[in-house]
Protein chains: 2
Amino acid sequence: MIGIRGGAVAARRAARMAEIVAAAWELAHEDGIAGLTLHALARRLGIRQPSLYAYFESKDALYDAMFADGNRRLLERLDATELPPDPRRAVDTWLRVFVDFALDDTPRYQLLFLRPIPSFQPSAESYALAEAAMATLIDVLAAAGIDDPGDVDCLVAVVAGLVDAQISNDPGGTRWVRHLDRLVGLYLDDAARRSST
Amino acid sequence: MIGIRGGAVAARRAARMAEIVAAAWELAHEDGIAGLTLHALARRLGIRQPSLYAYFESKDALYDAMFADGNRRLLERLDATELPPDPRRAVDTWLRVFVDFALDDTPRYQLLFLRPIPSFQPSAESYALAEAAMATLIDVLAAAGIDDPGDVDCLVAVVAGLVDAQISNDPGGTRWVRHLDRLVGLYLDDAARRSST
DNA sequence: GTCTATATTTGGATAGAC
DNA sequence: GTCTATCCAAATATAGAC
């Protein structure tokens with residue numbers, strides 16, 4: 001069976017890598033994304049630190065796998081979301097899914113959307129996943145009549161501002177994000193007003 | 001003269017500490033706020049690394065001095081600003097001063113308003129300076145009829161969202177902050193509408 | 001693929017002389 | 001207040017046996 005369609009060993013290896021990434025997220029949750037160390041990760045997995053190098057050639061390669069994993073989860077969640085037919089409500093729904101995703105796991109949000117590890121730059125393959133998620137937002141906004149790049153920028157910045165404030169100043173609460181729909185509605189109304197003239 | 005009014009030596013010492021802080025900002029500008037090291041700082045000053053401990057008992061104490069220094073600069077700038085009599089324009093002016101301050105020196109902005117050094121928590125004295133700056137914004141907003149804490153939260157989050165996006169994605173440009181006045185105006189109009197009913 | 005052992009680097013902090 | 005000399009700890013990464 002060995003080597004037939006290259007499957008069995010590769011699958012086992014992929015499964016092990018997924019376990020490692022899952023353990024890395026656990027640690028990131030406890031000590032922050034920047035506090036993750038390979039020693040602690042190996043300890044958690046019951047192996048020795050150098051053994052990790054059989055799977056990831058560097059710590060940044062591990063971060064890259066986490067980055068890709070996080071983006072895949074976001075894409076899955078967006079995929080599993082039934083968007084309402086009304087374009088405006090579709091925007092609200094998309095953004096709500098995104099904010100829930102962000103608040104569900106703040107180290108993940110930080111790795112995907114902030115830049116907490118200066119040495120880490122996502123690979124082209126991983127970055128493509130992030131662009132795919134962004135593309136779904138572009139689509140939903142376009143359907144709601146938002147096609148001006150400046151408007152997209154503003155909406156993204158407003159949502160990020162609320163999420164960042166929420167995470168930094170009131171973790172677990174809703175003090176900032178509860179204004180999401182109102183703020184977005186305000187902006188969309190204004191954009192519609194501007195484009196109708 | 002020694003000891004008379006406790007002045008001369010204390011002044012020299014304070015001046016030297018200010019030099020150290022200035023050099024620390026230079027390095028933060030080059031290597032990022034988290035990339036600052038005491039060895040590099042001492043090298044820049046032409047002294048040895050342990051000598052810094054004559055002025056700061058720890059690296060975090062140095063960060064605290066930088067945090068206080070940054071907030072003093074912000075307060076100075078706000079103090080030097082002539083706010084227009086019209087309350088709405090006063091808000092615009094205050095925010096414009098703030099955004100200019102933020103974009104003038106991004107490591108400084110990060111140290112004051114983001115939390116780039118997990119181990120660092122500002123001392124009570126330093127934090128009081130940050131609160132004093134925030135208090136001036138509260139005043140200006142109150143004069144413009146914004147007294148609901150939720151509205152203050154929203155405006156702060158929106159401005160932070162624009163500034164963070166600007167710094168992260170288009171440093172040195174204006175792609176995001178050029179929307180500042182429009183977004184703030186939009187929000188203030190809505191707030192006025194809400195409070196008039 | 002996992003191990004032991006170790007290299008290497010970095011950087012914060014302390015001791016004690018001057 | 002500054003120096004030399006160290007210490008200590010953490011953490012990434014590599015070499016080579018099994």
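Reckoned from all heavy atoms, side chains included, excluding hydrogens, waters and symmetry mates. Everything numeric here is computed off the predicted structure, so don't read it as measured data. Sequence lines set the chain letters: A, B, ... in the order given, protein chains first and strands last, and positions in each chain run from 1.
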Please state how far atom [atom1] in [X] lies from atom [atom2] in [N], giving the value in whole angstrom units.
X         : N       : atom1 : atom2 : value
His39(A)  : dT9(C)  : NE2   : P     : 17 Å
Ile117(B) : dG12(C) : CD1   : C1'   : 14 Å
Ile47(A)  : dC3(C)  : CD1   : P     : 6 Å
Lys59(B)  : dT14(C) : NZ    : C1'   : 18 Å
Leu27(A)  : dA11(D) : CG    : P     : 12 Å
Leu52(A)  : dG1(C)  : CG    : C1'   : 12 Å
Leu38(B)  : dC8(D)  : CG    : P     : 19 Å
Glu57(A)  : dT12(D) : CD    : C1'   : 13 Å

Taking atom types as modelled, is there a side-chain donor on [X] or [Y] under 3.5 Å from an acceptor on the other?
X         : Y         : result
Asp60(A)  : Ser119(A) : yes
Asp69(A)  : Trp25(A)  : yes
Asp151(B) : Tyr187(B) : yes

Base, sugar-phosphate alone, or nothing: which one does [X] contact when heavy atoms must sit under 4.0 Å apart?
X        : result
Ser51(A) : base
Leu36(B) : sugar-phosphate
Tyr53(B) : base

Indicate yes or no for a side-chain donor-acceptor contact from Arg96(A) to the backbone of Leu180(A) under 3.5 Å, with no hydrogens or angles considered.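 Not confirmed, Arg96(A) side chain does not pair with Leu180(A) backbone.
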
Per Arg48(B) side chain, nearest of listed nucleotides dT4(D), dG12(C), dA5(C): dT4(D)

Side chain of Pro50(A) only, please: which of dT2(D), dG12(C), dC3(C) is the nearest?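 Looking only at side-chain atoms, Pro50(A) lies closest to dC3(C).
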
Phe98(A) and Phe101(A) aromatic ring geometry - parallel, tilted or perpendicular at 30°/60° bounds: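 Rings of Phe101(A) and Phe98(A): tilted, 30 to 60°.
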
Under 4.0 Å: is that the gap between some side-chain N or O of Arg13(B) and OP1 or OP2 of dG1(D)? yes

Kindly say if Arg16(B) contacts the phosphate of dG1(D), meaning a side-chain N or O under 4.0 Å from OP1 or OP2. no

Does a distance-only test, which skips hydrogens and angles, find a donor-acceptor pair under 3.5 Å between the side chain of Gln49(A) and the base of dA13(D)?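 Counting by modelled atom types and ignoring angles, a donor-acceptor contact under 3.5 Å is found here.
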
